[in-house]
Colleague: 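Structure below; questions to follow.
In what follows, every chain begins at residue 1, and chains take the letters A, B, ... in the order their sequences are listed.
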Amino acid sequence: MEYQPRLIEKKWSEWWKKHQVYRVSERPDKPKFYILNMFPYPSGAGLHVGHPLGYIASDIIARYKRLRGFNVLNPMGFDAFGLPAEQYAIEMGIHPAVSTEENIRRYRQQLENIGLSFDWSREVRTCDPKYYKWTQWIFSLLFRHYYDYDADKALPIEDLVKRLEKEGNANIRAACDDDTPTITAQQWNDFSEKEKQLFLLKYRLTFPEESFVNWCPALGTVLSNDEVKDGVSERGGYPVERKRMKQWSMRITAYAERLLRGLDEIQWPEAIKDQQRNWIGRSEGAIVRFPVQGHDGLFIEIFTTRVDTIYGATFMVLAPEHELVSIITTPAQRPEVQLYLKWVASRSERERMAEVKRVTGVNTGAFAIHPITGQTIPIYVADYVLVGYGTGAIMAVPSGDQRDWNFAKAFQLPIIPILDSQKNLDQAADPTKEGRYINSGIINNLTFEEAVPVLLQWLEQRGLGRARIQYKLRNAIFSRQRYWGEPIPIYWKDGVPYLLPENELPLVLPEIDKYLPTETGEPPLARAQHWRYRPTPEETYEYEYSTMPGWAGSSWYWYRYMDPHNDEAFCSQEALAYWRCVDWYIGGAEHAVGHLLYSRFWNHFLYDLGLVPEREFAKKLINQGMIQGRSSIIFRAKESFYEEYLWIKVLKPYLDSFGPMRIPQTLAEESFMYDFAFATNDLVIEVVSWKKAEKIEIVRQRAEADGKRLLVLFTEELAADINAHEKTANRIRQALHSREPFFMSEHVPEIEQLFVSYELTAKYSPECFSRLHVDISLVSEDVLNIEEARKRPMFQKANFKVGPEGRFLCTYEIEKMSKSKYNVVNPDDVIEQYGADCFRMYEMFLGPVETSKPWDTKGITGVQSFLKRLWSLYVGADNTWLVQETEPTRQELRALHLTIKKITDDIERFSLNTCISHLMILVNELRDLKCHKRAILEPLVVLIAPFAPHLAEELWHRFGHSTTVCDAQWPAYNEHYLETDRIVYPVQVNGKLRGNIEVDAHATIQEIEQLALRQDFVLRYARANGVKKVIVVPGRIINIVV
RNA sequence: GCCCAGGUGGUGGAAUGGUAGACACGCAGGACUUAAAAUCCUGUGGCCGUUGAGGCCGUACGGGUUCGAGUCCCGUCCCGGGCACCA
């Protein structure tokens, strides 16, 4: 019987479901293995072939680990809050919960179709109140804690209150707002309740603060930095502006150092770790204070990573937003400074980014006093200094910093070399740290390493500076002015935010009439009628109206899978003690600094509270690459195409030989008045759409006035006759000979658009065409099926200009799979044709999981015939069972065990594409050997089970087993079968392969050497110069140097 | 500009410093067949030569280390990803 994947796959996926084969529970007798895919967002477009890449890979690992005796947790769920569902709700009026539910249903169905071993009884959804109750609960914990640097962990806010009552905050080293004043115990105790609460907000790990945010008016919401791309919202593409708003914030900066250090203890790709390190952006440097001349006690505080260059500081620069600008600017400079500030404010972030090279700035007229030399240096304002970084002010060292150098050149400021190794300072800045200092007072002749401590000590003693570690990392804004997210469990009383008591959780998302901000600009939740907090019948408070961002629910979800239905806790301590953390985490690299950093932050926090057992939640991370789409592109003629067409295809070739007439040599020559004019004939030609009647009339009147005869050619008729140039040529000839003054067709075809086959486009300027995506189902081998295409609305009135072979060619582009690019391939279709096992194996066979590659079914037949061949080892014609009980030969055992070894090694190092090659090699060999022996074929079923589970299950049961192949045992590798009596050595001469010799496996190095030297092919080379050296690498290779 | 990952046949890709191109697609030739599909067999990096004869070149480019380099080091070019006036 032939291999029939659809029958087998249907049968076993139902059997698995019925017998709950993938159900998992805590099993203290077995070692655990927790493998997790990154939380998918269930988009309305459904799953395409790119999505399952990581799921298939992790499924193979999960099944393999189970066969190796591990108790494997392999769950799946949905990150179900988010903007697309909300956008859909706004447009269609459908509740996001409804569309989300529908999307999830479709996703699950598609996932089940692939044969993935998810334990669906553990599915979680972030939008389920039973789930987000615990997201809100973790938020509450963050609100109730602060970060103490001495303890180096989060502590309850009550601890802080006790210390404030006793000693004020002078000796408290804790993460807090920059503007936190130093207070005494007395002051604290004198605070009113409101003042106390507002003061504590400066310490809480989540807190509301005024901050600059990316406000998106079209969405009525605020977006985080990574949701903004090129100044527009990533989803939807709406404009975004900087706006100051009150937002909930997460004090992730408190954890900067630990997030950085933690990277050393996890096996994540270096690229991801580097990105996180850059994002955290730790820099060691110094804070230095520069007094302002004429302003007693006023300092400009700067941060520098190169305090050693301080003698080269020849001016200072403040960011335009810096608060000292207005204070220190001299009256004479004030108008100019104000003008500059106004200009800077008018420029968007985008413009500022686009003009990196341009140097702008203005002198404040004020001077700073250099803290070491005492010299005065001018103070400028310039927008290359950013208010959000460091202190918003710099000491400018033009000899060492290129931007300072550019500024100094533009404003003719001095450039002082400070190291004897600095070169070409008239060309560019030289940021070297090499050499010894010059022009540098107390550090002259010292090296970089020697100079820094000397300067820091000098500055510190005089109170002018100190060492400082600075992070680029900013606190994370946590509110969204949206509906479809977790409500923040906060109510407002007298302008102070209070936490909702734990027994009020979950605070359930209320129903609202429409999913838009209110008329007064408040978030959508403000629309909810009667949605107020009423702790007692007398009290009524407003809830917080913003909701949590997308990353809230995904920052702890891996714990919920451990114990998904627990109503008493986010996860039981027993489940936590057993599963502990994720062993292998698989997902896209695009989450490197969003999800993966925020998740680590929440995990560190939960760890501080003793709620979870591990500091880092994912021990090993693997990034799967994207499977890109291969879009088909077609070319649509624009207006200007018709002029070029007329010139290239009609006028030039058909009229060249035409007597005394001369047509313009280039298009530019004559075309400023008419599209075409003839040098020795009074005819002019105008190309125009018949719809532009008014334009025809204007041209006609002009031709009359000029005494020219006019031929009007409609783009529509050109489009219709595009495959027959001579027709147009004849019309022009007739017009040239005629004495009629005006030519125009009376019947014009109704053709809207002309599409041009790809190979023809090279002759015309690129501006002649628009590039359009065409549905890849209409295209095969880059040839468009014109008949099918005409059935689509976009092509109903189209004409196609085909190539010389009568075919219409498209070009292609490799890009992200997306509905809008018409390049989506649905796994269901591939599975329908080839089966799920084939689809799974082919996705893996394509290449390393980590690499991105375009989807192409070209090679899938190779995997298909491999599966057929494998099947035919077991099952013959008429469904006969071919397996025999004969003793296997040494050769067969050797082939099997070699494969066991290779596959085991390769799965462990996550090289799944090569595993499939090894299986192919084994099956090819067994087929050549006509091997149908149980001792070989039964272990082979287990080897293939992680990759093709349906097929393996079918064969496993045909072997007479009644339990699932998932609980079989991974075959043990026996080295004994790989031992051989004879070894073939490749023999090189001077590193070049010249031949092979076969030697006894137990031969000594000397024996091997002697044998090699006797070979003809060696002697041929050795004779001339004699042998200098022989290298024998046992079991590997021989190299003879002559 | 900075950081990271890459560059191997017509294609996807393989190769702990040890026979470059495994495995597969495609292509060419052949077998089976009335035919097609399916299946099977043979060949397939380039150039020169041969018809059981081998040689030269070859992993983006130029150098280096090594008995031996796709792999390690230095420099250049190109493609991709990330960050981007970060003091």
Colleague: Expressed as a whole number of angstroms, how long is the span from A:Tyr471:OH to B:rC86:C1'?
Modeller: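 My rounded result for the distance is 15 Å.
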Colleague: For a side chain to side chain donor-acceptor pair (under 3.5 Å) check, start with the C-alpha distance between A:Thr914 and A:Ser911, then their side-chain angles and the critical distance, and finish with the verdict.
Modeller: CA-CA 6 Å; A:Thr914 52; A:Ser911 172; 2.6 Å; yes
Colleague: Rounded off to whole Å, could you give me the CG-to-P distance for the A:Asp856 and B:rG12 pair?
Modeller: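 After rounding, the gap between these two atoms is 9 Å.
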Colleague: Evaluate the ring planes of A:Trp871 and A:Tyr3, with Trp represented by its six-membered ring, and classify them as parallel (under 30°), tilted (30 to 60°) or perpendicular (over 60°).
Modeller: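 The rings of A:Trp871 and A:Tyr3 sit tilted, inter-plane angle from 30° to 60°.
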Colleague: Just label B:rG9 as syn or anti from its O4'-C1'-N9-C4 or O4'-C1'-N1-C2 angle, using within 90° of 0 for syn.
Modeller: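 B:rG9: syn glycosidic orientation.
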Colleague: Measure the distance from CD on A:Glu850 to C1' on B:rC4 and round it to the nearest whole Å.
Modeller: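 Distance check: A:Glu850 CD to B:rC4 C1' gives 15 Å.
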Colleague: Please name all residues satisfying side-chain contact (heavy atoms from CB on, under 4.5 Å) with A:Lys858, sequence neighbours left out, ordered by chain then number.
Modeller: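 A:Lys858 satisfies side-chain contact (heavy atoms from CB on, under 4.5 Å) with A:Asp856 once adjacent residues are dropped.
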Colleague: When you compare B:rC23 with B:rG29, how far apart are their P atoms, in angstrom units rounded to a whole number?
Modeller: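 The answer is 23 Å between these two P atoms.
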Colleague: Between B:rC86 atom P and A:Arg306 atom CZ, what is the distance in whole Å?
Modeller: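 It works out to 14 Å between those atoms.
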Colleague: RNA chain B in dot-bracket, Watson-Crick or G-U pairs under 3.5 Å, [ ] crossing, | other strand?
Modeller: ((((.((..(((.....[....)))((((((.......))))))((((.....))))..(((((..]....))))))).))))....
Colleague: Please check if the side chain of A:Thr253 supplies one atom and the backbone of A:Asn475 the other of a donor-acceptor pair under 3.5 Å.
Modeller: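 Judged by distance alone, no pair lies under 3.5 Å.
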Colleague: If the plane angle is over 60° it's perpendicular, under 30° parallel, otherwise tilted; pick one for A:Phe407 and A:Phe411.
Modeller: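 A:Phe407 vs A:Phe411 ring planes: parallel.
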Colleague: Mind calculating the distance between NZ (A:Lys858) and C1' (B:rC25) to the nearest angstrom?
Modeller: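 Rounded to whole Å, this separation is 7 Å.
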Colleague: Provide the distance between the two P atoms, one in B:rA60 and one in B:rG7, to the nearest whole Å.
Modeller: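 The answer is 7 Å between these two P atoms.
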Colleague: According to a strict under-4.0 Å criterion, is A:Arg994 in side-chain N/O contact with OP1 or OP2 of B:rC56?
Modeller: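 Affirmative; the distance criterion is met.
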Colleague: Would A:Asn406 and A:Tyr384 count as a side chain to side chain donor-acceptor pair (under 3.5 Å) if you check the C-alpha gap in whole Å, the side-chain angles of each, and the deciding distance to 0.1 Å?
Modeller: CA-CA 11 Å; A:Asn406 293 346; A:Tyr384 80 91; over 6 Å; no
Colleague: When the C1' atoms of B:rG17 and B:rC67 are considered, how many whole Å apart are they?
Modeller: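 12 Å, rounded to whole Å.
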Colleague: Using atom P of each nucleotide, how far apart are B:rG6 and B:rU71 to the nearest Å?
Modeller: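 Here B:rG6 and B:rU71 have their P atoms 13 Å from each other.
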Colleague: Would you please confirm or rule out a distance under 4.0 Å between OP1 or OP2 of B:rA24 and any side-chain N or O of A:Asn924?
Modeller: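 Checking A:Asn924 against B:rA24: at least one side-chain N or O falls below 4.0 Å of OP1 or OP2.
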Colleague: Which nucleotides of nucleotides 38-44 of chain B have their base under 4.0 Å from a protein heavy atom (B), which only their sugar-phosphate (S), and which neither (-), written as one string 5' to 3'?
Modeller: SSSS---
Colleague: Does the A:Gln422 side chain pair with the main chain of A:Ser399, one donor and one acceptor, at a distance under 3.5 Å?
Modeller: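 Here the side-chain-to-backbone pair exists.
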Colleague: Rounded to the nearest 0.5 Å, how far apart are CZ of A:Arg306 and OG1 of A:Thr304?
Modeller: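 Spacing of CZ (A:Arg306) from OG1 (A:Thr304) equals 8.0 Å.
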Colleague: Taking atom P in both B:rC74 and B:rG21, what distance in whole Å separates the two?
Modeller: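 Straight-line distance between the two P atoms is 29 Å.
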Colleague: What integer number of Å spans the C1' atoms of B:rG68 and B:rC32?
Modeller: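 To the nearest whole Å, 49 Å.
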Colleague: Using a cutoff of under 3.5 Å, can you pull out all pairs of nitrogen or oxygen atoms linking the protein to nucleotides 60-66 of chain B, with atom names and distances?
Modeller:
none

Colleague: Rounded to the nearest 0.5 Å, what separation is found between the OG1 atom of A:Thr391 and the CZ atom of A:Arg289?
Modeller: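 Those atoms lie 11.5 Å apart.
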Colleague: Could you pick out which residue, A:Lys992 or A:Asn278, lies toward the 5' side of RNA chain B when each is mapped onto its nearest nucleotide?
Modeller: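 Result of the comparison: A:Asn278.
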Colleague: How do A:Ile860 and A:Ala589 order along RNA chain B: which one's closest nucleotide is nearer the 5' end?
Modeller: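 By nearest-heavy-atom nucleotide position, the 5'-most residue is A:Ile860.
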Colleague: Could you tell me the separation between the CH2 atom of A:Trp268 and the C1' atom of B:rG82, rounded to a whole number of Å?
Modeller: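 It is 16 Å, rounded to the nearest whole Å.
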Colleague: Can a salt bridge be assigned to the pair A:Arg927 and A:Glu925 using a cut-off of 4.0 Å between side-chain N and carboxylate O?
Modeller: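 A:Glu925 and A:Arg927: not salt-bridged.
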Colleague: Sub-3.5 Å donor-acceptor pair from the side chain of A:Gln276 to the main-chain atoms of A:Ile272, do we have one?
Modeller: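 A pair under 3.5 Å: no.
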Colleague: Between the side chains of A:Arg277 and A:Glu270, is the shortest nitrogen-to-carboxylate-oxygen separation below 4.0 Å, so that they form an ion pair?
Modeller: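 Looking at A:Arg277 together with A:Glu270, the answer is yes, because their closest N to O distance falls below 4.0 Å.
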Colleague: Take atom P in B:rA69 and the same atom in B:rC47, then report the distance between them in whole Å.
Modeller: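 Here B:rA69 and B:rC47 have their P atoms 26 Å from each other.
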Colleague: When you compare B:rG80 with B:rA87, how far apart are their P atoms, in angstrom units rounded to a whole number?
Modeller: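 About 28 Å, rounded to a whole number of Å.
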Colleague: To the nearest 0.5 Å, what is the distance between CD1 on A:Ile900 and CD on A:Glu975?
Modeller: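 Spacing of CD1 (A:Ile900) from CD (A:Glu975) equals 13.0 Å.
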Colleague: Taking atom C1' of B:rG6 as reference, at what distance in whole Å does atom CG of A:Asn623 sit?
Modeller: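 About 15 Å, once rounded to whole Å.
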Colleague: In this structure, how many angstroms lie between the P atom of B:rC86 and the CE atom of A:Met395, rounded?
Modeller: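 Value for this atom pair: 15 Å.
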Colleague: Reading nucleotides 14-22 of chain B 5' to 3', which nucleotides get B (base under 4.0 Å from a protein heavy atom), which S (sugar-phosphate only), which -?
Modeller: SSB-BB--B
Colleague: Under the side-chain contact (heavy atoms from CB on, under 4.5 Å) rule, collect the residues that match up with A:Ile377, sequence neighbours excluded.
Modeller: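 With sequence neighbours excluded, A:Ile377 shows a side-chain contact (heavy atoms from CB on, under 4.5 Å) to A:Phe290, A:Met316, A:Ala368, given in chain and number order.
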Colleague: For A:Gly281, is there any backbone N or O sitting under 3.5 Å from a side-chain donor or acceptor partner on A:Asn278?
Modeller: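 No; zero donor-acceptor contacts below 3.5 Å.
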